[in-house]
Amino acid sequence: VGIVFGPVPSRRLGRSLGIDVLPPADKMCTLNCVYCQVGRTQVRTIKRGLPLDSALINRAIDEALPREELDVVTFSGTGEPTLHQHLGQFIGRVKGLCETPVAVLTNSTLIDKPDVRRDLALADIVVPSLDAATQGAFERVNRPHPTLLVDRMIEGLVAFRKEFSGKLFLEIMLVKGVNDDMAELVALKAAAERIAPDLIHLNTVTRPPAESDAQPLSPQEMARAAAMLGPKAVPVGAATGAAASEAAADLAETIAELVQRRGVTVEDLIRSLGADRPTVQRVLEQLIEQRRVKKIVHGGVSYYREFY
Ligand code: SF4
């Protein structure tokens, strides 16, 4: 499982080809969120650099694109993509190869830096996260690098909105009892009014989190929080019914494609597809039953491969 993954069905952006510009082995991020589905951060840093060889990333992009039937190409993955100082060049490379809109998912921690804003402004869609608007809640939910201040992030987001003419979807992840109290929602609302995003995606913990005590809000609590945050706030919880089965079918095809190239572990699939463990396991079981995938145990680790 490599730099380019998918296409994966994204509830928010449609059929998305993912690009991960960070090393797969050690999770690198500016934060260590309690709800992170990738697991705990191993390298917590705020320093932009070259964590993964740019030539490798360029080659992976050139091999993957152009490609039909994509709604979006999304820079996201196992950590914070703005940590790679060539992010702007990678976005430019994708745009030179196809007309598919480019999105970046970012945790906003470096958006106070003009060079990061310049890179992000090359995308068509930016989905920045802001889970808290007070320093205390920010530290509880996001467990940031010690130098990070949420006020600076908010000012960076306000500045970015003024410089960026594309779509801005602010993402707020609420964790029960951590950042969902009334005072925090009032502060988030005030920050969101200044940032003026096109929409606010309101999310809660629907995938197995880094810390097992990170609990979701109920649908009623989510609806109340959305009402509190105003008309731009839309809850984007777990897909249900037809949407969910369609997403599972897409996921099965993606996994079947991935195991053709080499043996992968459940962890590889969770990390690269952004899907939760029970879903990945359920889809793998179906694929084994259909004799499209087989399981091999090697050195005590289970790998999944193409059946033949
Ligand atoms: S949820 Fe995103 S921002 Fe938070 S630790 Fe995980 S990768 Fe980093």
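Because only heavy atoms are used, hydrogens play no part in the values below, and waters and symmetry mates are left out as well, while side chains stay in.
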Colleague: Checking L31 against L148 for the side-chain contact (heavy atoms from CB on, under 4.5 Å) test, could you report, in this order, the C-alpha distance in whole Å, the side-chain angles of both residues, the deciding distance, and whether it holds?
Modeller: CA-CA 9 Å; L31 303 177; L148 290 170; 4.1 Å; yes

Colleague: State yes or no: do L97 and V21 share one hydrophobic cluster built from I, L, V, M, F, W and Y residues joined by side-chain heavy-atom distances below 4.5 Å, directly or via other members?
Modeller: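 Yes; V21 is reachable from L97 via cluster members.
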
Colleague: Is any side-chain heavy atom of I111 less than 4.5 Å from a side-chain heavy atom of R117?
Modeller: yes

Colleague: Testing the 3.5 Å rule here: is there a donor-acceptor pair between the side chains of Q135 and E139?
Modeller: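 There is such a pair (donor and acceptor under 3.5 Å, judged by atom type) between the side chains of Q135 and E139.
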
Colleague: Decide whether F169 and I154 are clustered together by the hydrophobic rule: side chain heavy atoms of Ile, Leu, Val, Met, Phe, Trp, Tyr closer than 4.5 Å, transitively.
Modeller: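 No; tracing contacts between hydrophobic side chains, which count when under 4.5 Å, never links both residues.
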
Colleague: Does the side chain of V178 reach to within under 4.5 Å of the side chain of Q215, using non-hydrogen atoms?
Modeller: no

Colleague: When you measure from the side chain of T106 to the backbone N and O of P128, does any donor-acceptor pair fall under 3.5 Å?
Modeller: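 Such a contact is absent between T106 side chain and P128 backbone.
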
Colleague: If you measure from the Lys or Arg side-chain nitrogens to the Asp or Glu carboxylate oxygens, is any gap between R44 and E80 under 4.0 Å?
Modeller: no

Colleague: Is it the case that one hydrophobic cluster holds both V104 and L70, taking links as side-chain heavy atoms less than 4.5 Å apart, direct or via other members?
Modeller: yes

Colleague: Answer whether the closest heavy-atom distance between the side chains of F307 and K294 falls below 4.5 Å.
Modeller: yes

Colleague: Which distance, rounded to the nearest 0.5 Å, do you find between the CG of L170 and the CG of L130?
Modeller: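 So the gap between those two atoms works out to 5.5 Å.
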
Colleague: Report yes or no: does N107 contribute a side-chain atom to a donor-acceptor pair with the main-chain N or O of G79 at less than 3.5 Å?
Modeller: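 It does not hold such a pair.
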
Colleague: With heavy-atom distances below 4.5 Å as the criterion, would you say the side chains of Y304 and L258 are in contact?
Modeller: no

Colleague: Could you state the interatomic distance from CZ (F160) to CD1 (I195), rounded to the nearest 0.5 Å?
Modeller: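 Atom-to-atom, F160:CZ and I195:CD1 are 11.5 Å apart.
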
Colleague: Using only atom types and a distance under 3.5 Å, with no angle test, would you say the side chain of S218 pairs donor to acceptor with the backbone of E221?
Modeller: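 Flag set: sc S218 to bb E221 pair under 3.5 Å.
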
Colleague: If you take all heavy atoms of A133 and A191, which pair is closest and at what distance?
Modeller: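 Between these two residues, the closest heavy atoms are CB-CB, 4.2 Å.
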
Colleague: Mind checking the CG-NE2 spacing from L13 to H201? Nearest 0.5 Å is all I need.
Modeller: 7.0 Å

Colleague: Using a cut-off of 6.0 Å, state whether more than 12 heavy atoms not belonging to R40 lie near its atom CZ.
Modeller: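 It does not: R40 CZ has 12 such atoms or fewer within range.
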
Colleague: Compare every heavy atom of P7 with every heavy atom of R67, then report the nearest pair and how far apart it is.
Modeller: NH2-CD, 3.2 Å

Colleague: I'd like to check K27 versus C36 (side-chain heavy atoms, cut-off strictly below 4.5 Å). Are they in contact?
Modeller: yes

Colleague: Find the distance between CG (L157) and CZ (R152) and round it off to the nearest 0.5 Å.
Modeller: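 Going from the CG atom of L157 to the CZ atom of R152 covers 13.0 Å.
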
Colleague: Within the side chain of E99, is there an N or O that forms a donor-acceptor pair under 3.5 Å with the backbone of G96?
Modeller: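 Pair absent, no side-chain N/O of E99 close to backbone of G96.
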
Colleague: Not counting sequence neighbours, which residues clear ring pair (Phe, Tyr, Trp, His ring centres under 6.0 Å) with F90? List them please.
Modeller: H84

Colleague: Should the pair E63-R59 be classified as a salt bridge under the 4.0 Å nitrogen-to-oxygen rule?
Modeller: no

Colleague: Consider only side-chain heavy atoms of I, L, V, M, F, W and Y, link residues closer than 4.5 Å, and tell whether V141 and L188 are in one cluster.
Modeller: no

Colleague: Check this for me: does any side-chain nitrogen of one of D213 and K176 sit under 4.0 Å from a carboxylate oxygen of the other?
Modeller: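 Answer for the salt bridge query: no.
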
Colleague: With a 3.5 Å distance limit and no angle check, can you tell me whether D198 reaches the backbone of L168 through a side-chain donor-acceptor pair?
Modeller: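 Yes: the side chain of D198 pairs with the backbone of L168.
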
Colleague: Does K167 reach the side chain of P101, with side-chain heavy atoms less than 4.5 Å apart?
Modeller: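 K167 vs P101: side chains apart.
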
Colleague: Does a salt bridge link R143 with E211, judged by any charged N lying under 4.0 Å from a carboxylate O?
Modeller: yes

Colleague: Quick one: does any side-chain atom of S16 pair with a main-chain N or O of V8 as donor and acceptor, under 3.5 Å?
Modeller: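 No: the side chain of S16 does not pair with the backbone of V8.
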
Colleague: Can you measure from CG (L22) to CG (L52) and round to the nearest 0.5 angstrom?
Modeller: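 So the CG of L22 and the CG of L52 are separated by 7.5 Å.
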
Colleague: Please round to the nearest 0.5 Å and tell me the distance separating atom CG of D131 and atom CG of D180.
Modeller: 12.0 Å

Colleague: Indicate yes or no for a side-chain donor-acceptor contact from R15 to the backbone of D71 under 3.5 Å, with no hydrogens or angles considered.
Modeller: no

Colleague: Please find the pair of heavy atoms, one from M222 and one from L202, that lie closest to each other, and give the distance.
Modeller: CE-O, 3.4 Å

Colleague: With a 3.5 Å cut-off and no angle check, do the side chains of T109 and T30 form a donor-acceptor pair?
Modeller: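 Per modelled atom types, T109 and T30 side chains form a pair under 3.5 Å.
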
Colleague: Quick one: do L65 and L17 satisfy side-chain contact (heavy atoms from CB on, under 4.5 Å)? Show the steps, please.
Modeller: CA-CA 10 Å; L65 292 167; L17 191 73; 4.0 Å; yes

Colleague: Is it true that R118 and E163 make a salt bridge, defined as a side-chain N closer than 4.0 Å to a carboxylate O?
Modeller: no

Colleague: What are the two closest non-hydrogen atoms of V94 and F75, and how far apart are they?
Modeller: CG2-CZ, 3.9 Å

Colleague: Return yes if some donor-acceptor pair links the side-chain N/O of T204 with the main-chain N/O of L174 below 3.5 Å, else return no.
Modeller: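 Checking the backbone N and O of L174 against the side chain of T204, a donor-acceptor pair under 3.5 Å is found.
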
Colleague: Assess whether side-chain contact (heavy atoms from CB on, under 4.5 Å) is satisfied between V205 and Q37, documenting all intermediate values.
Modeller: CA-CA 9 Å; V205 188; Q37 73 202 41; over 6 Å; no

Colleague: D119 versus R48: any side-chain heavy-atom pair under 4.5 Å?
Modeller: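 Counting from C-beta outward, D119 and R48 do come under 4.5 Å.
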
Colleague: Any donor and acceptor pair, going by atom type alone, linking the side chain of D20 with main-chain N or O of T78 inside 3.5 Å?
Modeller: yes

Colleague: Identify the two heavy atoms, one from V4 and one from A64, that lie closest to each other, and give their separation to 0.1 Å.
Modeller: CG1-CB, 3.8 Å

Colleague: My understanding is that only residues two or more places apart in sequence, or in another chain, count here; which of them pass ring pair (Phe, Tyr, Trp, His ring centres under 6.0 Å) with Y303?
Modeller: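 Counting only residues at least two positions away or on another chain, Y303 forms no ring pair (Phe, Tyr, Trp, His ring centres under 6.0 Å).
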
Colleague: Indicate the atoms forming the closest heavy-atom contact of A137 with N179, along with that distance.
Modeller: CB-CB, 4.4 Å

Colleague: Tell me whether M153 is reachable from I200 by hopping between hydrophobic residues (I, L, V, M, F, W, Y) whose side-chain heavy atoms are closer than 4.5 Å.
Modeller: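 Yes, same cluster.
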
Colleague: Could you go step by step and tell me if R194 and E155 meet the side-chain contact (heavy atoms from CB on, under 4.5 Å) rule?
Modeller: CA-CA 9 Å; R194 292 190 55 218; E155 294 313 317; 3.0 Å; yes

Colleague: Taking the side chain as every heavy atom from C-beta outward, state whether Y35 and N142 have any pair of such atoms under 4.5 Å apart.
Modeller: yes

